[in-house]
Amino acid sequence: MSTLVYDPPELPANTLRVTPLGGLGEVGRNMTVFEYDGKLLVVDCGVLFPEEHQPGVDLILPDFEPIKHRLDDIVGVVLTHGHEDHIGAVPYLLKLKSDIPLLGSGLTLALVEAKLKEHRIRPFTLTVAEGQREKLGPFDLEFIAVNHSIPDALAVAIRTPAGMALATGDFKMDQLPLDGRITDLRAFARLGEEGVDLFLVDSTNADVPGFTPTERSIGPVLEQVIGAAPRRVIVASFSSHVHRVQQVLDAAHAHGRRVALLGRSMVRNMTIAEELGYLQVPAGVLIDYKKARDLPEDRIVYMSTGSQGEPMAVLSRMANNDHEIEPGPGDTVILASSLIPGNENAVYRVIDGLTKLGATVVHKGNAKVHVSGHAAAGELLYCYNILQPRNVLPVHGEYRHLMANARLAQDTGIPAERTILGENGTVVDLRDGVAEVVGKLDLGFVYVDGSSVGEITEADLKDRRILGEEGFISVIVVVDSATGRVITGPEVHARGFAEDAGVFESVKPKIAAALAEAAQSGVRDSHALSQIVRRTIGRWVNQTLRRRPMIVPLVIEA
């Protein structure tokens with residue numbers, strides 16, 4: 001796979017162009033643009049959550065730069081399901097143009113609309129269901145039921161005169177799903193008979209052998225853990241994992257416990273799911289969080305967010321004793337979700353914090369309290385054999401996942417040259433049944449930091465890491481503008497150093513001497529003098545304290 005950046009040619013006639021803007025080489029930011037005859041169709045528009053080396057960042061968006069000047073050409077955005085890594089960036093796209101139509105299932109659009117309401121955007125939406133076909137410009141779309149860890153997920157077949165592409169979204173092939181809605185392999189077989197020219201397939205579990213266990217197998221384990229818990233139970237999950245919340249409600253009800261939802265997104269999403277009939281709440285089980293505190297401790301289950309160790313989520317705050325609920329001996333905490341790659345350290349830090357407080361922590365590593373929402377290798381092999389696609393573009397996953405998926409495709413007889421290992425910005429053209437890479441766009445990370453979008457750069461993050469790891473030093477010197485002689489200072493102020501401030505006394509004469517030497521040489525420019533200060537103290541700190549702090553010199557002329 002080449003990472004060389006080069007522009008694609010003008011789109012030839014009768015050619016479908018496919019450009020992933022996110023979701024390749026990462027778990028999140030899923031977004032793919034399809035182009036035919038001057039019109040664009042977007043499939044998914046999600047966010048990526050920051051890792052530890054991105055301090056202060058709230059969310060990471062796909063890079064919209066390639067489509068910013070073509071917003072009028074977008075005929076619609078198809079959303080395959082309601083997880084944040086597929087819908088979270090929709091508000092930021094619609095801020096550029098608010099009337100781009102959104103297509104998705106009932107639950108998916110309800111979750112998006114609630115999110116857009118917070119951004120004061122009223123979208124144009126079209127609710128679609130499995131088996132439905134819609135024409136958007138030159139794109140003929142057919143929606144197919146797929147099973148995932150959230151209800152109402154859809155794959156989309158995109159027919160154009162250049163051929164048919166099939167995008168699975170996130171999916172698995174659970175044969176005993178909680179909602180009875182299986183991945184529609186009969187529809188897959190029918191599309192295979194018609195001829196799938198390009199298969200864009202979920203890769204997240206492609207390196208896991210066999211089959212993903214059924215969601216149904218989790219229920220008895222949750223019932224057992226909740227039934228045996230002596231005090232309070234706290235369950236952490238994704239705020240959109242309707243199936244898992246359903247299982248917790250059922251288990252709590254079976255053992256005479258009430259359930260209180262914690263976290264704004266959890267309350268919002270489950271309210272929507274209940275209103276639309278996707279969540280069946282046993283009578284009298286749900287209780288308001290404030291009233292829950294009056295119940296006996298062996299009669300309550302808290303359902304919270306924070307299963308990925310997010311610093312501001314409910315569970316992390318509990319682990320840091322920064323929440324009204326303070327876990328302690330006898331409490332049971334269940335982490336009912338998978339580990340997103342990159343979050344391992346944060347999650348284990350939360351587990352350690354809760355364990356230190358005396359709580360019993362049950363997680364995927366020591367009990368069967370979660371199954372993945374993604375197809376494992378055995379399921380993907382079935383799909384390849386049923387569909388027999390002409391070309392394959394593995395999507396949704398880190399590079400090792402994409403590579404494992406490509407190997408599976410080749411194992412079923414798809415030629416290596418028809419299996420495209422792409423990355424974000426890879427431009428693929430489909431024409432006459434052949435898909436080939438024709439360009440590579442230069443895409444970046446777009447950081448959301450508070451209210452600013454895209455203003456934080458890699459240089460800013462590097463500065464934050466230096467501040468966090470190496471400390472900060474400011475040096476203030478007043479010099480005579482005519483002679484360059486030091487009048488006052490240098491004053492050295494340091495932050496993030498364990499050493500006593502007196503340690504910097506020995507460097508002050510060195511700074512004064514360097515400035516005097518510069519003055520004799522006729523240097524008067526304050527910027528040049530600032531650089532001399534920076535170099536002098538930087539060299540000294542590196543040699544003496546073995547640190548590379550951020551240094552901010554201020555030379556004032558008087």
If we count only N and O atoms by modelled type, under 3.5 Å, do the side chains of [X] and [Y] hold a donor and an acceptor together?
X: Asp152; Y: Tyr278; result: yes
X: Asn269; Y: Ser239; result: yes
X: Asn205; Y: Glu379; result: no
X: Asp429; Y: Thr15; result: no
X: Arg258; Y: His253; result: no
X: Gln132; Y: Glu134; result: yes

- Message: Could you go through Leu111 and Ile150, starting from their C-alpha distance and side-chain angles, then the distance that decides it, and tell me whether this counts as side chain to side chain contact (heavy atoms under 4.5 Å, CB included)?
- Response: CA-CA 12 Å; Leu111 295 174; Ile150 187 172; 3.9 Å; yes
- Query: Do the ring planes of Tyr302 and Tyr289 sit parallel (below 30°), tilted (30 to 60°) or perpendicular (above 60°)?
  - Reply: perpendicular
- Taking the six-membered ring for Trp, are Tyr348 and His363 parallel (under 30°), tilted (30 to 60°) or perpendicular (over 60°)? perpendicular
Heavy-atom pair with the smallest gap, counting every atom of [X] and [Y]:
X: Ile226; Y: Ile334; value: CG1-CD1, 4.2 Å
X: Pro327; Y: Ala359; value: CB-CB, 4.3 Å
X: Asp202; Y: Ala375; value: OD2-N, 4.5 Å
X: Ser372; Y: Thr212; value: O-CG2, 3.3 Å
X: Leu93; Y: Ile100; value: CG-CD1, 4.4 Å
X: Leu402; Y: Pro394; value: CD2-O, 3.5 Å

Does a salt bridge link [X] with [Y], judged by any charged N lying under 4.0 Å from a carboxylate O?
X: Lys135; Y: Asp140; result: no
X: Asp99; Y: Lys97; result: yes
X: Arg29; Y: Asp85; result: no
X: Glu10; Y: Arg17; result: no

Is the centre of the [X] ring less than 6.0 Å from the centre of the [Y] ring?
X: His148; Y: His83; answer: yes
X: His396; Y: His86; answer: yes
X: Tyr92; Y: His119; answer: yes

What's the separation between atom [atom1] in [X] and atom [atom2] in [Y], rounded to the nearest 0.5 Å?
X: Leu41; Y: Leu16; atom1: CG; atom2: CG; value: 9.5 Å
X: Asn147; Y: Asp179; atom1: CG; atom2: CG; value: 6.5 Å
X: Leu286; Y: Leu249; atom1: CG; atom2: CG; value: 5.5 Å
X: Leu154; Y: Thr168; atom1: CG; atom2: OG1; value: 11.5 Å
X: Ser149; Y: Leu178; atom1: OG; atom2: CG; value: 11.0 Å

Distance-only, no hydrogens or angles: does the [X] side chain make a donor-acceptor pair with backbone N or O of [Y] under 3.5 Å?
X: Thr160; Y: Ala162; result: yes
X: Asn320; Y: Ser316; result: yes
X: Lys440; Y: Glu423; result: no
X: Thr204; Y: Gly397; result: no
X: Arg216; Y: Asp174; result: no
X: Gln246; Y: Gln280; result: yes
X: Thr125; Y: Leu102; result: no
X: His241; Y: Phe238; result: no

Taking side chain as C-beta onward, heavy atoms only, is [X] less than 4.5 Å from [Y]?
X: Pro123; Y: Leu94; value: yes
X: Arg232; Y: Val301; value: no
X: Ile351; Y: Leu335; value: yes
X: Thr80; Y: Phe171; value: no
X: Val78; Y: Phe143; value: yes
X: Asp44; Y: Ile87; value: no
X: Pro91; Y: Lys115; value: yes
X: Phe139; Y: Val75; value: yes

- Query: Any chance CZ of Arg122 has more than 12 other-residue heavy atoms, nucleotides or ligands included, within less than 6.0 Å?
  - Reply: no
- Query: Is Arg70 atom CZ crowded by more than 12 heavy atoms from other residues, nucleotides or ligands, each under 6.0 Å away?
  - Reply: yes
- Message: Please determine whether side chain to side chain contact (heavy atoms under 4.5 Å, CB included) holds for the pair Val371 and Thr214, giving the CA-CA distance in whole Å, both sets of side-chain angles, and the decisive distance to 0.1 Å.
- Response: CA-CA 7 Å; Val371 296; Thr214 65; over 6 Å; no
- Message: Consider side-chain contact (heavy atoms from CB on, under 4.5 Å). Of Val47, Val90, Ile67, which one does Met31 pass it with?
- Response: Ile67
- Matching residue for Arg268 among Glu274, Glu118, Glu113, Glu275 - test: salt bridge (charged side-chain N to carboxylate O under 4.0 Å, His left out): Glu118
- Task: Show your reasoning for whether side chain to side chain contact (heavy atoms under 4.5 Å, CB included) applies to Lys95 and Ile121.
- Result: CA-CA 8 Å; Lys95 278 177 183 176; Ile121 297 172; 3.9 Å; yes
- Query: So Met270 and Val242, side chain to side chain contact (heavy atoms under 4.5 Å, CB included) or not? Walk me through it.
  - Reply: CA-CA 7 Å; Met270 291 311 131; Val242 179; 4.1 Å; yes
